[in-house]
Amino acid sequence: MNTTALFKHNYNSTAHVVVNQGGTSSGKTYAIEQVLFTLAVKEKLIITIVGQDIPNLKSGAMRDAAAIHTSSKALQRVIKSFNKTDRIYEFVNGSVIEFKSYANAQDAKSGKRDYLFVNEANGIEWDVYTELALRTRKRIFIDYNPNSGFWVHEKLLGRPGVEIFITDHRHNPFLEDTVRYKIESLKNEDEELWKVYARGLTGRITGLVFSNWHICEVIPADAKLLAAGLDFGFTNDETGCILVYKQSGELWVDEVLYETGLTNADISKKLSAAGVKKSIQIIADSAEPKSIEELKRLGWQVTGAKKGADSVNHSIDILKRYKINVTRSSVNLRKELGKYKWKTDKSGNTINQPIDACNHLIDPLRYVALNKLKVYSVKQNNSKLPYTQPQPTGRGVFEEFVGLS
Ligand SMILES: Nc1ncnc2c1ncn2[C@@H]1O[C@H](COP(=O)(O)OP(=O)(O)OP(=O)(O)O)[C@@H](O)[C@H]1O
Ligand SMILES: [Mg+2]
């Protein structure tokens, strides 16, 4: 098993609560899980890994755990099974590692454990944490990106028995340079985002573009599909695709694709595999006519998004008029919405221009807005108002005033 310095620090810590604050991709989740696997092999233990919800766990902690499992023959020998339905690793020695999410504090009162790992802790309520912590015998690990101060800062740091490690991508030797480059290039977009995601320092991310979105469990059965939105990426940027529906005057959005390294043939295969029908209209980034043409030749109905002067702000204005429901499984879109902010100038004042990052699923949403959700300007609206010709009224006020009546 290849390990990093993070592994050693977490493994050797004797604190009751071990806090791993850090930038993205520093190796926090991976290292903590390696520690937990190692501990589970040594003695019979119950270990709980808790996340905000199952889709979040699946795209992060569970994926890292699967990578750790498959990369170690020694680990495979001592793990009896992984139950996908219950999300539990069972070890030959009787240890278990379970992945859980809890709806509320009452729910978190069930079960006891030896070790607890609170993954992306800023998505977990304080009262859920306290119930879980009360029922943890040995040690608690916590990890998160510090978008802003929360209960870890307010209630844990500085207390006895609490240790903190602050890390960033430079602590992770296993990361590809393209990922590093992408993280560092946040500096060109927004200093505050860079501070949080590239350096792991506690930020105060304000000025998010969208606050009009909510998590929904499913798309209503009677929702009308407007179109799919597609943004092309390759090496550094993800190719992103979403489906946009409308129902009861609200938008409903479901993430379909978010992946780097996809050719147009790959995109076609992935869309079909995700159940997207070829009859669906796809609104794509019009800056890539060649990709649009290639997808068309593969049988897809692709149209370029109507870009014009100020189309970014115009499409944001359109989207802000709706309540946007995002399915819980749209983990990457949820993450982008939580980072997509207005730029700030050198003195920290917000300017009327969003960052050009964290938008590989937001841009597709904007494309659908531009082509499918027209908002008439005030002038156009006025010209459509019913117009009645004033009727001659005979003698009016003027005549009375001058004594002609
Ligand atoms: N010891 C390791 N061996 C091999 N690969 C590793 C190791 N540690 C980290 N990685 C790689 O680095 C990636 C990022 O690590 P990880 O997911 O743990 O970061 P993180 O700090 O939890 O990031 P985030 O804050 O975004 O959740 C992993 O998905 C994995 O590919
Ligand atoms: Mg992580």
Side-chain angles (χ1 to χ4, degrees), residues 1-12 18-39 41 49-76 97 99-101 116-124 140-148 150 152 164-186 193-203 205 236 238 258-261 331-339 357-358 360:
M1 195 154 71
N2 293 319
T3 58
T4 61
L6 257 84
F7 172 84
K8 285 171 204 83
H9 286 301
N10 277 284
Y11 188 76
N12 293 327
V18 187
V19 176
N20 283 255
Q21 170 170 317
T24 189
S25 304
S26 72
K28 302 178 291 297
T29 307
Y30 207 96
I32 294 168
E33 291 190 330
Q34 285 182 317
V35 169
L36 297 175
F37 274 112
T38 310
L39 293 168
V41 175
I49 299 178
V50 59
Q52 182 178 12
D53 50 37
I54 300 302
N56 257 305
L57 282 169
K58 276 189 181 161
S59 74
M62 284 177 68
R63 190 174 289 171
D64 277 343
I68 295 168
H69 185 202
T70 47
S71 70
S72 163
K73 286 264 178 311
L75 208 48
Q76 283 161 36
I97 297 184
F99 293 86
K100 296 275 220 179
S101 76
L116 173 69
F117 171 23
V118 187
N119 178 229
E120 299 186 2
N122 29 16
I124 312 272
I140 300 166
F141 295 95
I142 292 177
D143 82 356
Y144 58 90
N145 309 123
N147 302 23
S148 57
F150 68 112
V152 165
I164 179 167
F165 302 127
I166 298 183
T167 55
D168 61 56
H169 70 93
R170 295 170 300 176
H171 296 92
N172 180 359
F174 301 102
L175 210 58
E176 287 170 23
D177 282 345
T178 52
V179 182
R180 270 184 226 291
Y181 169 80
K182 199 173 156 185
I183 298 169
E184 285 301 320
S185 64
L186 274 177
L193 276 185
W194 176 83
K195 221 174 94 182
V196 173
Y197 291 99
R199 289 296 175 269
L201 303 173
T202 308
I205 295 177
N236 292 333
E238 284 79 5
Y258 185 79
E259 220 176 304
T260 52
V331 178
N332 299 299
L333 177 57
R334 287 164 53 193
K335 283 196 178 148
E336 285 198 352
L337 287 163
K339 293 184 199 170
C358 316
H360 309 302

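Numbering of ligands and ligand atoms starts at 1, following listing order.
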**Asked** Does at least one non-hydrogen atom of Met1 fall below 4.0 angstrom from an atom of ligand 1?
**Response** no
**Complete:** Checking heavy atoms under 4.0 Å, the part of Arg63 that sits near ligand 1 is neither
**Prompt:** How far is atom 12 (O) of ligand 1 from its nearest protein heavy atom, and which residue and atom is that?
**Reply:** Asn172 ND2, 2.9 Å
**Asked** Applying a 4.0 Å heavy-atom criterion (strictly less than), which segment of Tyr30 is in contact with ligand 1: side chain, backbone, both, or neither?
**Response** both
**Fill in**
The atoms of ligand 1 lying under 4.0 Å from a heavy atom of Gly27, numbered in the order shown, are 15 (O), 16 (P), 18 (O), 19 (O), 20 (P), 21 (O)
**Request:** Could you check whether the rings of Tyr258 and His360 sit parallel, tilted or perpendicular, using 30° and 60° as the cut-offs?
**Result:** tilted
**Item:** Nearest neighbour in protein (non-hydrogen) for atom 26 (O) of ligand 1
**Value:** Thr24 OG1, 2.6 Å
**Prompt:** Does Glu120 come within less than 4.0 Å of ligand 1, judged by its heavy atoms?
**Reply:** yes
**Asked** Which heavy atom of the protein is the closest neighbour of atom 28 (C) of ligand 1, given with residue, atom name and distance?
**Response** Asp64 OD1, 3.7 Å
**Request:** For ligand 1, note which part of Asn145 has a heavy atom under 4.0 Å away: side chain, backbone, both or neither.
**Result:** side chain
**Item:** Identity and distance of the protein heavy atom lying nearest atom 21 (O) of ligand 1
**Value:** Lys28 NZ, 2.7 Å
**Message:** What protein heavy atom lies closest to atom 1 (N) of ligand 1? Include the residue and the distance to one decimal.
**Reply:** Asn2 O, 2.8 Å
**Message:** I'd like to know if Gly23 contacts ligand 1, where contact means a heavy-atom distance under 4.0 Å to any ligand atom.
**Reply:** yes
**Request:** Look at ligand 1 and say whether Ser25 reaches it with a heavy atom at a distance under 4.0 Å.
**Result:** yes
